[in-house]
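Notes for the one structure printed next.
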Amino acid sequence: MKRTPIFLSIFATASAWSPQPKPSRTSFQAPRSRREDVNSFDPARLGRVESRRDAATPHPEALFLAGALPIAFAPEAASAATAFTSNAVPSALAAYGHYFSLLGILGCIMTERLTIKPDMTPEEEDLIAGADIGLGLFGVIIAYTGYLRTTQFEKGFDFYAHEPLFWLKVAFVGVFGAASFFNTIIIIQRSVAKRNGDLEPMGEKLANRMIQICNAELVAIATIPLTATFMARGVGYAQDFPWQVEAALAALVFGGLSFKYVKEALTFEDNPIALDSSSE
């Protein structure tokens, strides 16, 4: 049934380029019979034969007919092009904010990763503090834009809720966020101590642990987008699987790891740097 408008459109388009009648060079025309007038009714000019000179001249009425036939017989084709125009701009801005914040998070983590070392200077302490603030801001943006893309744009929450890889990605995000608590708490503690004038140089033990956290965050950043690409294509989609179980597991992972890293940061004991021990 859907092939009918396609055939009619092709046929009408071909007829649009049929030759037009060549104007007569004489002023006298023989009278035609009524039967000739009836048979000559041909609005699409499908039955006329003219010279090659006028063969390439299009007929506007036939072109209009060719474009209108698919829409008349298949109205879904007319609405397909304008199906998502109402949310096109907000959806594009949310996607841009999501990707831009991901790049911002990557830049902040790399700044911390390349700056953290034993016995940092006050300027380096301020640099990692600023990078951690940027990491928090970009984290809020990526979480908000991700929420918008999940619930209001893209495929909608009904699709993602039954996609196990979506909840796996949420679990990876939870691991990333929980691990970042360690560095954030340490940096806040050192910033407060620096302001109060009792900041001690960072030891090798603490520096190595913070670098390990940065490496884990970089691995998570490489893993989360990979999971998202499979998720968006419906890999592993399960309509009958209860998504509440997957959501509970993701929340459990985030809660458990958050408690672990927060406790570790608050109870961490650093070793004195080798320079201080030798000078004493």
Side-chain angles (χ1 to χ4, degrees), residues 2 74-109 132 134-184 213-263:
K2 293 183 178 180
E76 64 274 7
S79 61
T82 58
F84 303 100
T85 54
S86 59
N87 291 332
V89 174
S91 177
L93 293 177
Y96 176 79
H98 201 66
Y99 302 142
F100 180 78
S101 59
L102 180 62
L103 295 177
I105 289 174
L106 179 61
C108 292
I109 296 176
D132 200 70
L135 178 62
L137 294 177
F138 284 120
V140 172
I141 296 175
I142 199 171
Y144 178 66
T145 54
Y147 170 79
L148 292 179
R149 300 189 72 199
T150 302
T151 57
Q152 299 185 22
F153 308 123
E154 305 302 329
K155 297 178 175 63
F157 181 74
D158 290 337
F159 171 82
Y160 296 115
H162 299 282
E163 174 56 71
L165 291 180
F166 169 76
W167 297 109
L168 180 62
K169 187 190 79 167
V170 172
F172 286 156
V173 173
V175 173
F176 172 87
S180 67
F181 288 157
F182 181 89
N183 284 2
T184 298
I213 295 296
C214 291
N215 293 337
E217 291 173 336
L218 293 175
V219 172
I221 289 181
T223 305
I224 292 172
L226 177 63
T227 308
T229 55
F230 287 101
M231 170 202 72
R233 288 156 179 80
V235 177
Y237 182 86
Q239 179 67 33
D240 299 330
F241 193 84
W243 63 268
Q244 294 84 354
V245 176
E246 300 172 314
L249 291 175
L252 183 62
V253 169
F254 174 72
L257 291 179
S258 297
F259 176 79
K260 173 187 179 300
Y261 286 110
V262 170
K263 181 180 179 180

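Because the structure is a prediction, the values reported are computed rather than measured.
Taking CD1 of I105 as the start and CZ of F100 as the end, the distance is 11.0 Å to the nearest 0.5 Å. The CZ atom of F138 lies 11.5 Å from the CD1 atom of I109; values are rounded to the nearest 0.5 Å. Atom-to-atom distance recorded for T184:OG1 and D132:CG is 3.5 Å, nearest 0.5 angstrom. Summarising the geometry, atom CG belonging to L135 is positioned 6.0 Å from atom OG belonging to S180; distances are rounded to the nearest 0.5 Å.
The aromatic rings of F166 and Y160 are tilted relative to each other, their planes meeting at an angle between 30° and 60°. Taking the six-membered ring for Trp and thresholds of 30 and 60 degrees, Y237 and F159 have nearly parallel ring planes, at less than 30 degrees apart.
Across A179 and E217, no two heavy atoms sit closer than the pair C-OE2, 4.2 Å. The minimum heavy-atom distance between L165 and T227, with the atom names listed, is O-CG2, 3.4 Å. Taking every heavy atom of both residues into account, A250 and V170 meet most closely at CB-CG1, 4.0 Å. For C108 against G134, the heavy-atom pair with the smallest separation is SG-C, 3.7 Å. Closest approach of F254 and G177 over heavy atoms only: CE1-C, 4.5 Å. Minimum interatomic distance between L102 and P225 (heavy atoms only, all atoms of both residues): CD2-CG, 4.1 Å.
Screening residues 97-107 for side-chain hydrogen bond (donor to acceptor under 3.5 Å, both in side chains) gives H98-T145, Y99-R149 as the qualifying pairs, with residues at least two apart or on separate chains.
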Determine all donor-acceptor pairs shorter than 3.5 Å in which one atom belongs to a side chain in residues 229-236; sequence neighbours excluded.
| from | atom 1 | to | atom 2 | distance (Å) |
| --- | --- | --- | --- | --- |
| T229 | OG1 | L226 | O | 2.5 |
| R233 | NH1 | T229 | O | 2.9 |

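Remark: F259 CZ is loosely packed, at most 12 non-hydrogen atoms of other residues, nucleotides or ligands lying under 6.0 Å away.
The closest donor-acceptor contact from the side chain of W167 to the backbone of A161 lies under 3.5 Å.
For K263, there are no salt bridge (Lys or Arg N to Asp or Glu O under 4.0 Å) partners at least two apart in sequence or on another chain.
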Query raised in the report: Could you go step by step and tell me if F157 and W243 meet the side chain to side chain contact (heavy atoms under 4.5 Å, CB included) rule?
Result: CA-CA 11 Å; F157 181 74; W243 63 268; 4.1 Å; yes
